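Remember, it's a predicted structure, so these values are computed and weren't measured experimentally.
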Amino acid sequence: MFVKQHASRGEQSGVQYCEGRNEALGVRLNCFAFFQDGVLIDTGSHSLRQVFRPFIDDVQPDMTMITHYHEDHTGNALYCAEQNIPVYMNPLYKNDCMKKANYPFYRRFFWGKRPPFSSQDMPETFSSRNNHWRVLSTPGHAADHVSFLNESTGQLFSGDLYVSPKTKVALREESIPTIIRSIEHVLEHDFSEMFCCHAGYIKDGKKKLHYKLDYLRGVQEKVIQLNKEGYQVEEIKQSLFPKKYPIITFSRGEWDSKYIVSSILKER
């Protein structure tokens, strides 16, 4: 299979970014890494190492902060460690990341095989060259997911908490109710701009997160109401999310709209 790769770099509001993108079979997947004030946030995928490693070399970070363990965020974490750049992440999957990666073929196809790496435990707060940061626990997309708030600049680095304003498909491990609580938690803090590891720079980040929160709450209410009327997961999915997205087939069902529904009903 032939994979087209694209790359771009830039800077927004004092934050340098690097984006890599893979395209194949009608599916396009991208990921970002960000750098600010000595801090590298996420490392991109191993399949795009020729994109992200020169970026890491150029910005010369003092530390690497990982939002969560997924391979499109940790693919070059070993490279950082080899350059004597300390890597920090939530310890929940620390031991898993020290082992050979084990995930489905389509993810290896797009993101490559993430090399094992060691990390240090993520602190609750930390300081960089000139700024003070707070680590916000934001599980839902992944159990170990965190977001980073630069309290000195009022900028949020949201990992995969946002991604898009309207969630249409979800990963099997995701929990919509947990994501709702994570967004509520983040919105209690002061910030304006947001940097998302898939959507990139979002100028009105807090407003966009409010919009996503309202959308997810609305979906949750509809799912619960339909279930009260006797409809089950597949029926609710067809009612609310009738479109079959390419990623559902390509991932062999690891991504599917039904997980939005089932995660809501599971908690209820």
Quick note, salt bridge (Lys or Arg N to Asp or Glu O under 4.0 Å) partners involving residues 99-126, not counting sequence neighbours, are E71-R107, K94-D121, R107-E254
Between C31 and L48, what is the shortest heavy-atom contact and its length?
-> SG-CD1, 4.2 Å
Would you call P86 and Y88 a side-chain contact if the rule is heavy atoms closer than 4.5 Å?
-> yes
Distance, nearest 0.5 Å, that separates CZ of F52 from CG of D57 = 13.5 Å
Indicate the ring-plane relationship of H73 and H68, choosing parallel, tilted or perpendicular according to the 30° and 60° boundaries.
-> tilted
Is it possible for you to say whether W255 and V261 belong to one hydrophobic cluster, with membership spreading through side-chain heavy-atom contacts below 4.5 Å?
-> no
Does one side chain, of W111 or Y106, offer a donor that lies under 3.5 Å from an acceptor on the other?
-> no
Does any donor atom in the side chain of H145 or T138 lie under 3.5 Å from an acceptor atom in the other side chain?
-> yes
Mind running side chain to side chain contact (heavy atoms under 4.5 Å, CB included) on L40 and I85 for me, showing each step along the way?
-> CA-CA 10 Å; L40 176 70; I85 305 165; 6.0 Å; no
Cut-off 3.5 Å, no hydrogens considered: what does the side-chain donor-acceptor table look like for residues 181-193, sequence neighbours left out?
{"residue": "R181", "atom": "NH1", "partner": "E267", "partner atom": "OE2", "Å": "2.7"}
{"residue": "R181", "atom": "NH2", "partner": "T178", "partner atom": "OG1", "Å": "3.4"}
{"residue": "R181", "atom": "NH2", "partner": "E267", "partner atom": "OE1", "Å": "3.2"}
{"residue": "S182", "atom": "OG", "partner": "P139", "partner atom": "O", "Å": "2.6"}
{"residue": "S182", "atom": "OG", "partner": "T178", "partner atom": "O", "Å": "3.2"}
{"residue": "E184", "atom": "OE2", "partner": "R217", "partner atom": "NH2", "Å": "2.7"}
{"residue": "H189", "atom": "ND1", "partner": "H185", "partner atom": "O", "Å": "3.1"}
{"residue": "E193", "atom": "OE1", "partner": "S13", "partner atom": "OG", "Å": "3.4"}
{"residue": "E193", "atom": "OE1", "partner": "Q155", "partner atom": "NE2", "Å": "2.8"}
{"residue": "E193", "atom": "OE2", "partner": "S13", "partner atom": "OG", "Å": "2.5"}
{"residue": "E193", "atom": "OE2", "partner": "Y201", "partner atom": "OH", "Å": "2.5"}

Transitive ILVMFWY side-chain link F250 to I248, under 4.5 Å = yes
Any idea how Y93 and Y69 line up, ring-wise: parallel (<30°), tilted (30 to 60°), or perpendicular (>60°)?
-> tilted
Rounded to the nearest 0.5 Å, how far does OG of S257 lie from OH of Y245?
-> 6.5 Å
For E221, check side-chain contact (heavy atoms from CB on, under 4.5 Å) against everything at least two apart and list the hits.
-> none
Given the options F34, F148, F32, F195 meets ring pair (Phe, Tyr, Trp, His ring centres under 6.0 Å) only with F34
Salt bridge between R21 and E23, side-chain N to carboxylate O under 4.0 Å?
-> yes
Hey, what do you get for CZ (R134) to CD (E151), rounding to the nearest 0.5 Å?
-> 4.5 Å
